[in-house]
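Presented below is the structure to which this report refers.
For ligands, and for the atoms within them, numbers begin at 1 and follow the listed sequence. Nothing fancy with the numbering, it's 1 onward along the sequence.
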Amino acid sequence: MCGIVGYIGTQTATEILVSGLERLAYRGYDSAGVATISEGKLNCIRAKGKLHNLREKLERDVTHAQIGIGHTRWATHGKPEEHNAHPHLDSNTKIAVVQNGIVENYRELREELKNKGVEFRSETDTEVIPHLISQYLTDSTLTFLDAVQKTISRLEGAFAIAVINADNPYELIVARQQAPITLGFGQGEFFCASDVTALLPHTRAVLSLENGEIARMSPLGVEIYTFTGQRVSRFPRTLDWNPGQVEKQGFRHYMLKEIHEQPGVVRSSLETYLNPNWHADENPDFSPINLGLSSQLYDNIDYIQIVACGTSWHAGLIGKYLLEQLAGIPTTIDYASEYRYSPKPVIPHTLTIGVTQSGETADTIAALEMEQARRSKLESKFQAQLLAITNRPESTIGQLCNHIINTQAGIEIGVAATKTFIAQVLGFYYLALDLAYHRKTLSNERLTEIIDGLRHIPDSIEKTLETQDHAIEELAHEFTQETEDFIFIGRGINFPIALEGALKLKEISYIHAEAYPAGEMKHGPIALLDHKVPVVAVAMPGSVYEKVISNAQEAKARDARLIGVTSAMNVQEAAHTFNDVLTVPEVEELLSPILAVIPLQLLSYHIAVIKGLDVDQPRNLAKSVTVE
Ligand code: AGP
């Protein structure tokens with residue numbers, strides 16, 4: 001989605017803005033631009049396509065401005081062309097605006113402005129903003145801040161904006177209405193960005209604006225107000241991230257680096273959440289899991305609903321399985337984009353879980369906000385209990401939810417989620433085990449067995465990466481030329497892994513892929529099969545193994561090339577069924593999804609690399625989907 005960077009201080013703004021935009025590039029974009037003010041003049045440079053196009057233009061037009069705003073655009077209204085790229089300016093070339101989000105009532109505002117003689121230069125929703133600000137400044141004695149405030153009161157939708165004005169060269173105004181924007185505090189210099197990754201090289205003292213807040217930044221400091229003009233007193237907090245987390249560190253792609261970070265992520269998550277002093281044989285009166293959630297929450301859950309999108313939805317689907325099968329709590333999962341318009345009936349003592357790696361997905365945030373709002377007027381047993389499962393506790397979801405499981409995955413740059421998925425899935429294991437302990441739905445012996453199994457997972461992921469990476473790269477060569485479709489099948493706890501394998505392949509290799517519960521194939525999708533459509537079966541030993549094998553045989557009988565993901569212990573037997581066998585170390589069925597997904601991540605990665613595609617920034621996709 002669109003990225004915003006702003007700077008005011010004593011350094012040259014342009015380089016700070018462009019390098020900030022480069023750090024936001026992972027979010028997805030199709031054009032970019034910066035506007036700066038020097039010697040009372042506004043200078044705006046924009047370019048279609050990648051950021052090096054913008055850099056080239058900026059080299060021909062050097063300014064030493066100390067204030068500016070920059071933007072990477074992910075097209076929503078108007079094609080990805082230079083004239084639609086941000087910043088957008090008013091007719092007098094005094095005011096420049098960048099926006100992330102959508103101004104929903106832009107058509108009527110555009111008409112109103114056109115009737116007053118304003119000529120528009122773009123098809124975007126954003127361009128109404130500088131024109132409105134300009135009108136308020138011309139028609140009245142409003143200050144710059146007041147004119148921006150008044151303009152915002154006319155806008156409908158979810159957005160964040162940053163604005164500069166050549167007539168006020170020492171002020172940068174930033175506002176948030178349901179799209180994220182964070183302020184960064186340096187020594188005599190201040191920053192803003194739609195994502196803290198852009199701020200990391202400059203400062204770790206950050207403050208996220210809340211909905212309905214507007215900030216006036218000057219070289220002397222930052223003032224924050226509500227949209228209704230009340231001054232707000234808030235303090236920055238210090239991030240414990242380091243800039244290295246957002247470097248490739250020798251890997252060819254961020255996605256590959258993040259796949260290889262998974263053992264470390266799981267280790268750090270286990271260290272954080274497993275209670276080392278818990279021993280089943282001592283019959284402890286505390287949980288083996290240390291999530292730090294209030295006991296009041298546990299006493300009051302009769303029903304759980306999960307909302308998420310994409311890969312996070314797949315993690316939630318595994319979560320549903322675990323919460324029902326281990327803790328015995330009825331659980332539903334919905335796409336957040338659907339839930340927000342067709343919510344479930346209000347049930348008392350409900351826990352609502354939002355799952356998101358960015359912490360900013362507009363649909364997930366809106367579904368949770370809606371849930372909170374509709375329950376707030378009801379009696380206490382109906383009140384919303386919101387739990388976030390996220391690696392970004394500082395994000396919007398972190399501010400919104402009263403409970404958080406920080407998955408410890410850190411920031412993920414590759415658009416295709418890998419390490420954040422595994423970490424979210426682990427979050428659900430912890431929650432289900434903790435609930436199971438509190439509700440006594442599992443014996444201490446069984447809890448120990450599962451926890452011991454979890455402790456082996458980091459080594460098993462390492463082993464999978466060591467033994468499978470090269471073999472999967474070889475295999476990938478066979479699907480890069482003529483393969484147009486893939487089918488993934490799985491059952492039970494591994495059906496979500498089939499879905500995730502298919503999504504990864506679609507996202508980065510642009511090969512059409514579908515996933516089905518293996519038993520559903522014969523109810524329709526089997527008609528798609530022939531020798532040109534490879535079938536990947538997630539066939540982990542356990543309760544549904546034989547079923548998956550027989551479903552795979554049905555596909556083989558239709559000439560499909562069969563690829564099996566199974567346990568290394570099972571390889572000889574599996575070779576009778578599958579043309580190609582991808583293995584993971586032996587693991588009990590309950591924990592098998594955490595390993596089974598690894599070969600599928602590698603398969604999609606290698607196919608995309610061999611096809612020469614942009615693995616980290618696949619076409620049309622954004623890392624953080626902050627519009628509906
Ligand atoms: C995952 O590979 C995708 N990029 C996408 O499906 C993603 O999972 C989805 O947009 C949800 O994002 P979130 O986790 O940030 O909410």
Taking NZ, NE, NH1 and NH2 as the nitrogens, is one of them in Glu589 or Arg491 under 4.0 Å from a carboxylate oxygen of the other?
no
message: Can you confirm, on distance only, whether ligand 1 has an N/O atom lying under 3.5 Å from any N/O atom belonging to Ala622?
response: no
For Lys504, the atoms of ligand 1 under 4.0 Å from one of its heavy atoms are 1 (C), 2 (O)
Ligand 1 to Thr361, heavy atom cutoff 4.0 Å, flagged ligand atoms 12 (O), 13 (P), 15 (O), 16 (O)
**Q.** His314 to ligand 1, any heavy atom closer than 4.0 Å
**A.** no
Notebook entry, point to check: Is the Tyr273 ring parallel, tilted or perpendicular to the Tyr430 ring (thresholds 30°, 60°)?
Noted result: tilted
Next on the checklist: Please check whether Ala417 reaches ligand 1 - meaning an N/O of the residue sits under 3.5 Å from an N/O of the ligand, judged on distance alone.
Outcome noted: yes
- Query: Do any nitrogen or oxygen atoms of Gln357 lie less than 3.5 angstrom from nitrogen or oxygen atoms of ligand 1?
  - Reply: yes
* Looking only at distance, does Thr364 have an N or O less than 3.5 Å from an N or O of ligand 1? -> no
Counting from 1 in the order shown, the ligand 1 atoms closer than 4.0 Å to a non-hydrogen atom of Glu507 are 1 (C), 2 (O), 3 (C), 4 (N), 5 (C)
If you scan protein heavy atoms around atom 8 (O) of ligand 1, the nearest is Thr311 N, 3.0 Å
Ranked by distance from atom 15 (O) of ligand 1, the top protein heavy atom is Ser358 OG, 2.7 Å
Heavy-atom proximity to atom 11 (C) of ligand 1 ranks first, among Ala416, Pro618, Cys309, for Cys309
Polar contact flag, side-chain donor to acceptor under 3.5 angstrom, Thr583-Gln468: yes
Exercise. Can Leu621 be said to touch ligand 1, with heavy atoms closer than 4.0 Å?
Worked result: no
* Would you check if there is a donor-acceptor pair between the side chains of Gln357 and Thr420 at a distance under 3.5 Å? => no
closest protein heavy atom to atom 10 (O) of ligand 1 is Val625 CG2, 4.0 Å
Residues passing the side-chain hydrogen bond (donor to acceptor under 3.5 Å, both in side chains) test with Gln372, sequence neighbours excluded, are none
Original post:
Below 4.0 angstrom, N of the basic side chain to O of the carboxylate: do Arg23 and Asp195 qualify?
Top reply: no
Can you tell me if Asn211 uses its side chain to pair, donor with acceptor, with the backbone of Gln178 under 3.5 Å? yes
Ser312 heavy atoms within 4.0 Å reach ligand 1 at atoms 8 (O), 13 (P), 14 (O)
Residue set satisfying side-chain hydrogen bond (donor to acceptor under 3.5 Å, both in side chains) with Tyr429, at least two apart, ordered chain then number -> none
* Asked: Are Ser624 and Arg392 linked by a side-chain donor-acceptor pair shorter than 3.5 Å?
  -> no
